[in-house]
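Below is one structure, written out as structure tokens, with a few remarks after it.
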Protein chains: 2
Amino acid sequence: MKRYQTYPVAVLLLLCAVLELSAQTGGKKFTTYVNPFIGTAAVDKKSLSGCAFPGATMPFGFVQLSPDTRHEVNRPCSGYDYNDKTIVGFSHTHLNGTGIADLLDVLIMPITGNSKTADDYKDSVSRDFRSAFSHSQESARPGYYQVNLLDYNVNAELTATAHAGFHRYTFPQSSGAGFVIDMDHSRLKGTGNRSAKIISAEIRIVDNKTIEGYRVLTGWAKMRRVYFRAEFSRPFASSFLFDGKRIYENKPLVMGAEGIKAVVHFDSKANEQVLVKVGISATSIANAKQNLAAEIPAWNFDQVVTNAENAWEKELKQIQVEGTEKQKRIFYTGLYHAFIQPNNVADVNGDYPAGDYTTGNAPDKIHYSTFSLWDTYRAAHPLYTIVQQQRTAGFINSMLRHYDSYGILPIWQLWSVETYCMIGNHAIPVIVDAALKGIKGFDVAKAYEAIKGSSTRDHIQSPFGIYNKYGYMPEDLQSQSVSITLETAYNDWCVAQLAKKLGKTDDYNFFLKRSGNYRNLFESGTGFFRAKDKDGKWIEPFNPLQYGGNGGQPYTEGNAWQYLWYVPHNVPDFMSLMGGKQAFVAKLDTFFNLQDTIKKNGNASGFIGQYAHGNEPSHHAAYLYDYAGEPWKTQFYINKVLQEQYDDQPAGYTGNEDCGQMSSWYIFSAMGFYPVNPANGVYAIGSPVLSKATIDLPNGKKFTVQVKNAGRENAYIQSITLNGKAYNKAYITHADILNGATVEFTMGPQPNKKWGVDMPPVL
Amino acid sequence: MKRYQTYPVAVLLLLCAVLELSAQTGGKKFTTYVNPFIGTAAVDKKSLSGCAFPGATMPFGFVQLSPDTRHEVNRPCSGYDYNDKTIVGFSHTHLNGTGIADLLDVLIMPITGNSKTADDYKDSVSRDFRSAFSHSQESARPGYYQVNLLDYNVNAELTATAHAGFHRYTFPQSSGAGFVIDMDHSRLKGTGNRSAKIISAEIRIVDNKTIEGYRVLTGWAKMRRVYFRAEFSRPFASSFLFDGKRIYENKPLVMGAEGIKAVVHFDSKANEQVLVKVGISATSIANAKQNLAAEIPAWNFDQVVTNAENAWEKELKQIQVEGTEKQKRIFYTGLYHAFIQPNNVADVNGDYPAGDYTTGNAPDKIHYSTFSLWDTYRAAHPLYTIVQQQRTAGFINSMLRHYDSYGILPIWQLWSVETYCMIGNHAIPVIVDAALKGIKGFDVAKAYEAIKGSSTRDHIQSPFGIYNKYGYMPEDLQSQSVSITLETAYNDWCVAQLAKKLGKTDDYNFFLKRSGNYRNLFESGTGFFRAKDKDGKWIEPFNPLQYGGNGGQPYTEGNAWQYLWYVPHNVPDFMSLMGGKQAFVAKLDTFFNLQDTIKKNGNASGFIGQYAHGNEPSHHAAYLYDYAGEPWKTQFYINKVLQEQYDDQPAGYTGNEDCGQMSSWYIFSAMGFYPVNPANGVYAIGSPVLSKATIDLPNGKKFTVQVKNAGRENAYIQSITLNGKAYNKAYITHADILNGATVEFTMGPQPNKKWGVDMPPVL
């Protein structure tokens, strides 16, 4: 005992802190639970990859520096598939989990070999410089990625700041060492609507340690300008520039469109480390240079790795969970994926690419982009309202700037411009949710103007004139009509809630009425939401198993079964439409059990009957039993999805990760609750799989979930206490979370059918 | 007499001024001699239209507001063909005389009729709103255009400031009056390399008198952003917006890509005048608004017309000529065409679209674009060194900014970006000529750096590594090899001259040596410049009549005959290569007399034998007799071209006007001299057709040409005096012009073979 008493107080406090950490993560940093390879492979050949990327990024960073194993085909859209055997290089911008490819800007690849003359490169005008790699010589953690490039015997290490990539390459002795800088590297080349086409590109050898350049291209994002400045830690001795037709030796500049590349050469010593710092900007080379100077002033690679790791640790430790090591890996990787985007595309001086293709300047130096809202409004943005409150205001301010350019809020925004991808106007629930939850830092009056504008101004996929005239989207006038009608009805409910809060009674009445439009497409004979034409006739033939994609059918990336459940704002009314609780439960039971062999939309995967967890329309459906007084069925299916459809392996997701949505579903559900209606501050209770979760809230309070008997066989809630008192509601509220409640679950292997009879309310 | 003596002195002075004016133009304003319809039609079906446009513009203005009679096909690239019967509307940007189409931004068309509902427009998503018109109800003069649109019974009047279009429409009584604003209007739609593709577009109804919008597109200019703000003098009552698929009624905004249009409606009274002011910007809507406010603050259409006319009068009166009315119409229309471009694309606040696709700011608010240099370096830019000295400095400063972006000087610059159209680097002679002529206002040291960079840095069509290695472009490594070699040799001579002036002896020696590379492609057996491959073998088979286009053949838009004459910097050496004066003259004689039936390149027209005045390679050729001591043959052919290949009718040019080059050839030649070498300050003497020409020089002096016995039958110079003294040289110098010399020609119907034996020197 005496021995310990000699320690000063500071050491004891530190020890306490360490012990507290240990208690939560077994002494390990939270970042050690992140496996960036999760989501980089598909579960099977019928499923999509999660489309995650394993490379280095800061939380919500602009630069996301990652290896690319494939290009010139669409998927995986992140550029990396775990099943691939070769790497073509390391590019600086990526998308996490999307179903369409873009970005992959400024590819750098180290090389060694015998090529030294222009003749040696004469076949290189069109070829890439890919190298084999092995997962046994590859590693990744937040802010750091490493791989040994076997063909070149070069070890590559990557890290990143918000606006710059930092590369460290360890070369063997070689008289043909060097780097390829490829401005032509893109996905989805071709003639399709979203295929990448380089409009203009340039590479400039500034001096023998510096290269600058840019490319302007059209692709999924309609027009992007990408500028870079690369600084090398050692001089290169010679260079070759390519323009798709010709090779130029030791020339200072090459420009053109397709095929713009550079190769620089030097003699490397054995184990020589060569570092490359690359600043990226969406507005100018000058800003790329400024970004780089501001964020990587020195050649200290390890320091930048540490900075990135610390930044991630700070973000991840907001939720401390206990559970199995595997669960923690899935959970923290999920949180990591949720915090990869939206991305701050503004330069360090605040310049950002504006929606009208001008350059704007954000006073707070922040302009977020990559809003995959059809996906992320469901759970990712509600999660951000808990653990990213300040950034949520930033997201909304960026959306309002988008509104200034477009007259509507973002739909699927990429690189600051609208792609008009998917359907609905799901910035609305994001903003309404934030406003109703009291998140500060944005102009609510302007936000309401934008919400109302986005709900009344006709635009692509949202012809409100037609909608108002018919009370539904007639399929003959607007395809994907059922999905659009249902999702618009929900958004309208959201608009009504904010109108109500702001005392706009007329608007409230208008939008609340319109939020009931789902009724106009419910066909009680079959018990489905079905498409009508403009004469009000049901479209025949009708097959509830028939899939739609992104046009040409009434349902978006799903079928009538998957879209049947989309009335999150008024489940009781929907239930009565269906003939009451029993009919509703019977249909839900069928939904989870009905097998079929029909051709499915490629985005639908992760099936349990017709439930398809691999795509978003199903995400709330298992929670609907809560609304019918049979919460044990919710518990059964949530437990099943948590246990069976998430893994800590590369094939960790049963569908695209979708910019944080697949992960956010897990984060909420693993803690035991989920925002079925993402904007009413109510979370339906499911079936937690973690044994404990504590959320550090910005208000200084802690919200805690404790779970007794957590485990795969104990899917069922036996009882719950809220702050120590018995709790029989099948939901908790956002106020409970903010108040720092403690929710204690007791789980068991059999349903307790007496628990949870208080159903989630319609607010 | 007494009566006159009562007039005050001021009136007398005014009278004198008027009388002086009368002496020069018969009392009419110079602008009255401009017929903007010249060059808007082709001479015959085998020839190209001049590709001029008849609409309203300020000298060198950004906005050039003109009717478009055709689209969706390439030619005429100006949008207007005199032989067409319908007008689709009035767009705000045009190209004068080019062979490739682009621009035609923000089309406005007035309409009347019965269309009032969305249903009335359901077929309008794809159709245009063209109207018949008649030349009998159409007129144009500098800064003003008028046409009666017969289908709508609307009289349209257009004028322009530098950055804004001003429209005045006189409507009949109509309950369906209105305007179409079409953001989809382009030429060259399709999948070709230079075809227009709208990347993004938007129209916003700001209020019932204001519309804003933009489009981003790729086309000949690789990427253009075009922003506008339109203000109407009266409110419109309703609007329809189109996005290529759907019609939106009374909505504030439409966005998308292809097919973005608006129709606004109002009830018009009989003879109601509705005015529309449209500000245009290449950088932002805010700047379009600022441009408009700065330049058209009021609704005074007539004042803007007067301003434009006065601006043109000021420019045109710099050269006062006497001759037939027809000659004066050709001459002043030519001067007008020469002053249509290059265009100042900078906004009134100096913002301009930079070559790297950022927005720059020009301190002097000037950034010129549309540099058709392969054409204009020959005579248009030399003309500018006489009558646009200040703007010449502006042109060069803009070119140097281009160099900052691209590392090379402009080749064919459009909307501030490089199109890599045509061959050579002909900003070099423009800049060297200006520097050697002592034009102030640009940094000669930086200009030299840019010239040298453009002559040494490999780029598209200019692989100098190959050129230096072989001493010529081998056709198997670089097509158009003969034309590129010849034109590069000339440019190299120019570089050498400036190097010499700046004391850069090594550079002088290097480039002077390289300027002799034409010798490496002269094949004495046939007496032609011919293509070699990289092994130094002549490419067989060789047919001097065989045409090349823009790649795939050794000659650019011509054949071996037309490119035979391209050694403007060293005609004596070239002559000796050919075997001396006699052989040279014999070959020239054949050139002007050799008929053929071979398939010609579409750009070659205006034939006299193999001489093709309709395209630039021939432009100096008729003057070459001066260099062989047979100037009377120069006089013969120059007179023939002046008389036969220029007209004051719509079919006034035998080929594309080419951004002022075809006109500048006339302007020089009609006054009796021409810059065969456009950068040595020497003008070969031809055969003047005007009876007098006086140039007001910026230094306050006047250079005067007087011609006795001018006329079609008097092609031949009998004698010349310079400042009253007998003059026997077949050339004058730039110093003679700047010194304010008077050159008096005496012409006659037969050659005086004793005149002109002093041949133009090699400087």
Interface moiety of K222(A) toward chain B, non-hydrogen atoms closer than 4.5 Å: both
Interchain contact, L241(A) with chain B, by part (heavy-atom threshold 4.5 Å): neither
Which of T358(B), T218(B), D458(B), V254(B) touches chain A most, by non-hydrogen pairs under 4.5 Å: D458(B)
Side chains of I466(A) and R246(B) in contact at under 4.5 Å (non-hydrogen atoms): yes
Options I285(B), L477(B), I408(B), T456(B), ranked by heavy-atom pairs under 4.5 Å with chain A, top entry: L477(B)
Residue part contacting chain A, namely of E418(B), when any heavy atom lies under 4.5 Å: neither
Side chains of I460(A) and K245(B) in contact at under 4.5 Å (non-hydrogen atoms): no
Rounded distance [0.5 Å steps], CE in M223(B) versus CE in M223(A): 3.5 Å
T283(B) portion near chain A, given a 4.5 angstrom heavy-atom threshold: backbone
K446(A) atom NZ, over 12 foreign heavy atoms within 6.0 Å: yes
Separation of E202(B) CD from Y357(A) OH (nearest 0.5 Å): 9.5 Å
Residue Y420(B) versus chain A: region with a heavy atom under 4.5 Å: side chain
Backbone of D356(A) reached by a side-chain donor or acceptor of Y227(B) within 3.5 Å: yes
Atom of Y406(A), atom of L253(B) and distance for their closest heavy-atom approach: O-CD2, 2.8 Å
Part of D243(B) within contact of chain A (heavy atom distance under 4.5 Å): side chain
Any F464(B) side-chain heavy atom under 4.5 Å of Y248(A) side chain: no
Student check: side-chain heavy atoms of R457(A) and P252(B) closer than 4.5 Å: yes
Other residues, nucleotides, ligands: >12 heavy atoms within 6.0 Å of K289(A) NZ: no
Chain B contact via Y214(A) - side chain, backbone, both or neither, heavy atoms under 4.5 Å: side chain
Which atoms of V216(A) approach chain B - backbone, side chain, both or neither, heavy atom under 4.5 Å: side chain
Chain B contact via Q478(A) - side chain, backbone, both or neither, heavy atoms under 4.5 Å: both
Among S405(B), G453(B), G465(B), residue most engaged with chain A (heavy-atom pairs, under 4.5 Å): S405(B)
